[in-house]
A.B. asks: 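Quick one: this structure, given as structure tokens, is what I'll be asking you about.
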Protein chains: 2
Amino acid sequence: MVTSIEPVTAASARFQCETCELRSHSICSALQDEELREMNQVVRQVSLDAGQIVFFETDPADFSFNITSGVVRLSKMLADGRRQVTGFLYPSDFLGLAVGKDYTQTAEAITPVRMCRFDRKDLTRMYEKFPKLEHRLLEVACNEIVSAQDQMLLLGRKTARERLSSFLLNLLSRSNLGERLIGEIDLPMDRADIADYLGLTVETVSRTFTKLRKDGLIEMPSKNRIVIRDADDLADAAENPD
Amino acid sequence: MVTSIEPVTAASARFQCETCELRSHSICSALQDEELREMNQVVRQVSLDAGQIVFFETDPADFSFNITSGVVRLSKMLADGRRQVTGFLYPSDFLGLAVGKDYTQTAEAITPVRMCRFDRKDLTRMYEKFPKLEHRLLEVACNEIVSAQDQMLLLGRKTARERLSSFLLNLLSRSNLGERLIGEIDLPMDRADIADYLGLTVETVSRTFTKLRKDGLIEMPSKNRIVIRDADDLADAAENPD
DNA sequence: CGCACACTTGACAACACTCAACAACCGTGG
DNA sequence: CCACGGTTGTTGAGTGTTGTCAAGTGTGCG
């Protein structure tokens, strides 16, 4: 399942994982260098190939992760195979907030992924030592709640066109966090992932992409690449039916 | 907006709010008596009538609350009036986890409600003093995330029948936390609230209630009262289409 | 008693789903 | 280099579940 687990190298020793240098979202942004050294001793770098499972929705929840590169898909399944994708995790995102004994969803790499793995027992000790860490984690959890609520609004009340427009805008704001403000986004997930994330079928997703393209809201240089021609127009499409 | 705000009375002085005596869900269950006395100094009892707004989705997020009696509805709205109810809060539930400057959803009392109100600035000071409190809040947040994910699965992939069955089972497990295991539940919310919670219309909710009744899964002694005849059968209906 | 409101039921329409065929893409191997 | 098969994505035709609009039935309250 896990292709490689290596101890942290000297090169990455200053920070316990690359995540912390990327963005403020990482949980470790809360800590000082000295404290990070201590975190360093309980973290392991993990690499996965595309398609590999990080954990399954009934596995014992022993680990938490910080994504450092690649994209992870979170999903839940019903007995008959219907699936709901609950989120996509990008570099600097934290994975494994659950408090229960077992994971409640499945996490799978949809691109090659690298991440920092923490034993939850270690993390618990760290909380006690560095309350700042738990404070940071609460922030992460609250952000997750807010976007979960947005997603409920999307799934419960929005049309296919609004759903896809909202989705593209979310990806845009994410991909712009680090870098340029160009309206071009990469879709690492396939149509089935998008459909299961938006509560639609692949056919409807495909048709809706076509419509957005014909309406001049987006361009599609390739299947996995979207150019947003006017973010305001798309924002409009994300909240108005038809 | 708020009908009455009273300082804590001598009778309620031992615990800073009644919630803590009700159930383990309350955030204050994490604290010792001595620490509770300190919380006591920053809490205010608030009473609301049915229909009153606790806060609106763009209000500055200055307060957090512990519900002590009654039911609160959380919702988000689109510009054109479409609404998504994101949850119903019962006694012992915590309200106001958001980290941002403003609330991201509207909270409204759907029955007479009493609750303990905390100034978030006070709460922040309490966190620093009692890390246990923040730990407890993280637990609360994680539970909220888990049920939000369940709700996404419901909204994205379940049929009307499955949605209503799931909803009734959730209410059942909630109402049984405190007391008897009788399969009878009270619906403090109206059909529109249920519809907006389940991503349906009132008509579909009504029709689906009728179907569940005709199929012998539930009885309806009155509009707001549901008797679950066999929880296992209903659990079946909650995960199998048609 | 009658009005108002919430809920239910019916007829019809529509948006998204299902099933099916087709096209594009990609890696493989001749 | 191109032919081939498999996979993924797109498009089409028809169906269905749920939404819309409208009428009807309680139920509570003044």
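A, B, ... follow the sequence lines: proteins, then strands. Residue 1 opens every chain. Below, all heavy atoms of this structure are taken into account, side chains as well, without hydrogens, waters or symmetry copies.
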A.B. asks: Separation of B:Glu203 atom CD from D:dA23 atom P, in whole Å?
C.D. replies: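 The answer, rounded to whole Å, is 14 Å.
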A.B. asks: Give a yes/no on whether any side-chain N or O of B:Thr201 is located under 4.0 angstrom from OP1 or OP2 of D:dT20.
C.D. replies: no
A.B. asks: Whole angstroms only, please: what is the CG-P distance between A:Leu212 and D:dT10?
C.D. replies: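 It is 12 Å, rounded to the nearest whole Å.
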A.B. asks: Assign each of A:Lys214 and A:Arg157 to its nearest nucleotide of DNA chain D by heavy atoms, then name whichever residue's nucleotide is nearer the 5' end.
C.D. replies: A:Lys214
A.B. asks: Please find the earliest and latest nucleotides of DNA chain C, in the 5' to 3' direction, that have an atom within less than 4.0 Å of any heavy atom of chain B.
C.D. replies: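 First and last nucleotides in contact are C:dC7 to C:dA11.
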A.B. asks: Could you tell me how far apart B:Arg163 (CZ) and D:dT17 (C1') are, to the nearest whole angstrom?
C.D. replies: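 Distance, rounded to whole Å: 11 Å.
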A.B. asks: Is A:Arg117 reaching over with its side chain to a backbone N or O of A:Val46, donor-acceptor style, under 3.5 angstrom?
C.D. replies: no
A.B. asks: What residues, two or more places apart in sequence or in another chain, satisfy ring-ring contact (aromatic ring centres under 6.0 Å, His included) together with B:Phe63?
C.D. replies: none
A.B. asks: Is there side-chain contact between A:Arg157 and B:Asp196, with at least one heavy-atom pair below 4.5 Å?
C.D. replies: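 They are in side-chain contact.
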A.B. asks: Has the side chain of B:Arg207 got a donor or acceptor atom sitting under 3.5 Å from an opposite partner on the base of D:dT20?
C.D. replies: yes
A.B. asks: Checking B:Arg161 side chain against B:Asp242 main chain: does a donor-acceptor pair fall under 3.5 Å?
C.D. replies: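 Yes: the side chain of B:Arg161 pairs with the backbone of B:Asp242.
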A.B. asks: Quick test of your reading of the model: are A:Arg83 and A:Asp193 salt-bridged, counting only N-O distances below 4.0 Å?
C.D. replies: yes
A.B. asks: Between B:Thr204 and D:dG19, is there a contact of a side-chain N or O with OP1 or OP2 at under 4.0 Å?
C.D. replies: yes
A.B. asks: Specify the separation, in whole Å, of atom CZ of A:Arg225 and atom C1' of D:dG9.
C.D. replies: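 Spelled out: CZ on A:Arg225 to C1' on D:dG9 is 18 Å.
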A.B. asks: Nearest-Å distance, NZ (A:Lys158) to P (D:dG19)?
C.D. replies: 18 Å
A.B. asks: Kindly say whether B:Thr104 contributes a backbone atom to a donor-acceptor pair with the side chain of B:Lys76 at under 3.5 angstrom?
C.D. replies: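 Yes, because the side chain of B:Lys76 sits within donor-acceptor range (under 3.5 Å) of the backbone of B:Thr104.
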A.B. asks: Roughly, in whole Å, what's the span from CG in A:Leu155 to C1' in D:dT18?
C.D. replies: 16 Å
A.B. asks: For the residue pair B:Gln105 / B:Thr86, report whether a side-chain donor-acceptor contact shorter than 3.5 Å exists.
C.D. replies: yes
A.B. asks: Which nucleotide sits closest to the side chain of B:Lys223: D:dT27, D:dG19, D:dA22?
C.D. replies: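 Nearest nucleotide to the side chain: D:dT27.
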A.B. asks: Take the protein atom CG of B:Asp190 and the nucleotide atom C1' of D:dT27, then report the distance between them rounded to whole Å.
C.D. replies: 15 Å
A.B. asks: Atom CG of A:Leu200 and atom C1' of D:dG9: how far apart are they, to the nearest Å?
C.D. replies: 16 Å
